[in-house]
Amino acid sequence: MGSTKTDIESLRSEINHHNELYYQKSEPEISDVEFDALLKKLQKLEEENPELITPDSPTQRIGGKAEGFKPFKHVVPMMSLDNSYNLDELRKFDERCQKLADGRDFDYVAELKIDGLSLSLHYENGILVVGATRGDGETGDDITPNAKTIRSIPLKLKDEYRERMEIRGEAFIAKSVFREINQDLIAKGEKTFANPRNSASGTIRMLDSSVVASRRLDMFPYDVLSGNQKAFETHWENFKWLEKNGFNVNPNRRLCSGIEAVIDFCNEMETEKDGLDYDIDGVVAKVNQTDLQDEFGATTKSPRWAIAYKYPAIQAMTRLLDIKIQVGRTGALTPVAILEPVELAGTTVSRASLHNQDEIERLGIKLGDWVSIEKSGEIIPQVLKVIESKRDGSEKEYQFPTRCPVCDTPVVRPDGEVVTRCPNETCPAKIKGRIAYFSMRKAMDIEGLGSVLIQQLVEGGLVKDVADLYALDVKTVSDLERMAEKSAQNVVDQIAVSKERGLQRLLYGLDIRHVGEMYSKILANHFRSIDKLSEASVEELDEIYEIGKAVAESIHEYFRLERNQDLIRRLKRSGVKMEVDENSSVNLDERFAGKIFVLTGKMENYTRSAASKLIEERGGRVSSSVSKKTDYLVAGEKAGSKLTKAEKLGVEIIDEFGLETLFA
DNA sequence: ATCCCTCGAGTTCA
DNA sequence: CTCGAGGGAT
């Protein structure tokens with residue numbers, strides 16, 4: 001026989017061959033047991049000769065233990081899709097696309113929306129190097145070893161690949177496999193998964209990839225990128241290429257020459273979906289031509305060239321046991337339906353928000369009523385309606401409270417507003433809410449200050465506002481129940497650390513009406529210190545591009561209140577930083593921050609939307625018409641009336657290369 | 001005056 | 001995630 005090296009190589013090609021038979025042709029020639037034996041043999045040989053291990057070896061699908069996951073920043077953000085819940089919304093989507101296409105011909109591709117979790121796979125020179133979850137769309141987890149356990153994901157591309165390619169797809173666990181996994185878990189006395197989707201997303205995050213391998217995840221790919229661009233001229237070609245490279249491409253897809261054909265596909269699949277061995281939650285329609293996709297662009301939330309059509313959500317019936325009132329950070333009284341627990345789409349639902357008094361009246365709901373509920377938008381349960389025919393007279397009318405259930409202050413509901421609020425500024429519920437908000441991750445990020453501790457601090461009278469946090473010492477905290485010295489020390493340290501978070505996070509944490517993540521960033525960047533901001537007039541605030549009258553007045557009002565000025569003075573005295581942290585990312589590019597750009601004409605190297613994005617990333621603004629506020633007009637080929645107008649107004653005019661120099 | 005986009009706010013569950 | 005309101009753009 002030949003050398004170990006050739007043995008290893010022939011084993012690898014044999015395994016790859018069986019893999020392909022199994023996944024692409026669905027005609028395995030050998031049993032799973034035999035397959036595993038081959039794999040084990042290869043593993044043993046490789047262990048003895050580690051120098052011969054290559055990254056694309058089938059054994060690399062089953063890595064060893066990983067130690068937590070590194071974050072992975074997506075090259076191109078993974079956006080979610082706009083949803084539609086009826087066929088007319090699909091037709092509206094079509095109208096928008098027709099308008100954007102402006103007479104040019106295009107097709108749609110209709111495909112299934114798999115109910116799993118999105119993955120992004122990166123190939124360099126044809127070799128799989130990274131597998132990552134979607135995460136928040138910007139950054140996900142690097143789960144490469146786990147992605148490699150998915151047998152239908154090739155470790156190596158074979159057909160005309162480019163240097164850097166990214167494949168996106170939906171990972172899932174087949175319904176049949178899901179049932180086996182749960183039986184297994186029951187046998188071992190472990191907790192079972194509620195549905196295939198949960199089991200897939202739980203599995204992909206497991207650290208031990210040999211367990212992941214046993215769970216037999218699979219993936220249906222749906223997109224191919226080359227670098228940061230679309231890889232092919234049409235979406236339909238993506239599928240052809242994916243098939244040639246051995247991916248498990250979902251066969252249920254259709255090239256449609258108009259929206260009505262997409263609708264036919266939706267209707268056909270609705271009758272067939274229960275017979276499939278995987279869960280779907282709808283159909284996705286995409287514009288087929290990628291040049292049009294690029295041109296249509298995207299809103300911050302989703303691309304304008306694709307839409308998801310979702311099948312009606314599953315409903316269930318249950319009884320309304322009680323209505324509880326929650327008092328939030330803003331004093332809003334929110335009624336919550338306490339339901340008899342019922343299974344719905346894989347989770348047990350026991351509560352649902354009733355939003356406000358009007359909603360209760362609209363539903364005409366009484367205590368003890370049977371109600372139908374549904375899950376709209378994946379998780380959040382909604383009470384749809386009361387089943388009046390099930391009433392037997394024992395139901396009781398519900399009275400919306402006139403006093404705050406927490407502090408007994410009479411509640412108010414201003415004319416024209418739907419929310420009922422507790423007006424008492426010292427209401428413990430509001431204090432707790434504000435402290436929790438202050439310590440949230442996006443605000444001052446105080447680790448260890450959880451709801452239980454906050455409850456104790458507020459009820460013990462130790463903390464009445466956020467400034468009191470900085471006066472806490474270890475002894476006071478460790479005297480509380482269930483607080484050992486060590487964890488008390490920890491919390492006190494964390495509170496001290498938070499003094500350095502900087503102006504942006506502080507502003508966010510102060511809970512000024514209308515000022516959230518975005519506006520606190522803008523304000524911090526503009527004013528640099530809380531004193532400057534505090535002195536700003538309504539007019540000064542209103543002049544800031546993104547800020548309008550209502551927001552300006554709310555900010556001004558906040559700083560006019562003595563109570564707030566006092567709070568800020570006390571925070572300052574404790575050493576809380578009131579200026580922009582020069583090291584933080586609040587600092588925007590000086591050349592772009594707050595500047596308004598107008599693009600006109602055709603550029604050589606950028607599409608309009610790509611250039612806009614680059615400008616906005618640097619803190620600039622892109623407007624569509626020239627005015628005296630415009631800072632730069634970027635004039636490309638064949639610039640027209642905008643150029644004339646800019647010249648007349650004396651706006652600085654730069655060309656594509658001028659813009660490029662600014663980017664550099 | 002109207003349309004469309006963003007940001008903020010409130011909420012559920014594993 | 002969805003809804004409502006603020007704010008630009010047209």
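If you're wondering where the values come from, they're calculated on a predicted model, not measured in any experiment. Every chain is numbered from 1, with letters handed out A, B, ... down the list of sequences.
- Distance Leu100(A) CG to dC3(B) P: 17 Å, rounded to the nearest Å.
- The side-chain hydrogen bond (donor to acceptor under 3.5 Å, both in side chains) search around Gln98(A) returns Asp94(A), not counting sequence neighbours.
- Across all strands, Arg304(A) comes closer than 4.0 Å only to sugar-phosphate atoms, never to a base (heavy-atom distances).
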Could you walk me through whether Glu557(A) and Arg513(A) pass the salt bridge (Lys or Arg N to Asp or Glu O under 4.0 Å) test, one step at a time? CA-CA 10 Å; Glu557(A) 168 76 10; Arg513(A) 191 147 96 97; over 6 Å; no
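- If you take CD1 of Ile547(A) and C1' of dC7(B), they are 12 Å apart, rounded to a whole angstrom.
- Screening Arg421(A), Arg434(A), Lys430(A) for a side-chain hydrogen bond (donor to acceptor under 3.5 Å, both in side chains) involving Thr330(A) leaves a single residue, Arg421(A).
- In the set dG10(B), dA14(B), dT12(B), dG10(B) carries the atom at the smallest distance from any side-chain atom of Arg421(A).
- Comparing atom distances between the Pro381(A) side chain and each of dT12(B), dA9(B), dG8(B) picks out dT12(B) as nearest.
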Run the side-chain contact (heavy atoms from CB on, under 4.5 Å) test on Lys113(A) and Lys310(A) for me, step by step, so that the C-alpha distance in whole Å, both residues' side-chain angles and the decisive distance to 0.1 Å come before the verdict. CA-CA 8 Å; Lys113(A) 184 163 165 47; Lys310(A) 296 217 171 166; 3.7 Å; yes
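- Atom pair Ile522(A):CD1 and dC7(B):C1' shows a separation of 9 Å (rounding to whole Å applied).
- Sorted by first and then second residue, the side-chain hydrogen bond (donor to acceptor under 3.5 Å, both in side chains) pairs involving residues 435-448 of chain A (not counting sequence neighbours) are Lys442(A)-Glu517(A).
- In the set dA9(B), dG7(C), dC13(B), dC13(B) carries the atom at the smallest distance from any side-chain atom of Val349(A).
- Across all strands shown, Ser350(A) has heavy atoms under 4.0 Å from sugar-phosphate atoms exclusively, and none from any base.
- Remark: C1' of dA9(B) and CG of Asn356(A) are 13 Å apart, rounded to the nearest angstrom.
- Each of His514(A) and Arg351(A) has a nearest nucleotide on DNA chain B; the 5'-most of these lies closest to His514(A).
- Contact check, Arg513(A) against dG8(B): no side-chain N or O comes under 4.0 Å of OP1 or OP2.
- Following rounding to the nearest Å, Glu553(A) (CD) and dG6(C) (P) show an atom-to-atom distance of 11 Å.
- What separates CG of Leu185(A) from P of dA14(B) is a distance of 17 Å, to the nearest Å.
- Rounded to whole angstrom, the span from the CD atom of Glu543(A) across to the C1' atom of dG7(C) amounts to 16 Å.
- Among the heavy atoms of the strands lying under 4.0 Å from Thr330(A) are primed sugar atoms or P, OP1, OP2 only; no base atom is included.
- Separating the CE atom of Met518(A) from the P atom of dG6(C) is a distance of 19 Å, rounded to the nearest angstrom.
- Closest to the side chain of Ala332(A), out of dG8(B), dG10(B), dA14(B), is dG10(B).
- In this structure, of dC7(B), dA14(B), dG10(B), it is dG10(B) that holds the atom nearest to the side chain of Arg329(A).
- In terms of position along DNA chain B, the nucleotide closest to Ile512(A) lies nearer the 5' end than the nucleotide closest to the other residue of the pair Gln326(A) and Ile512(A).
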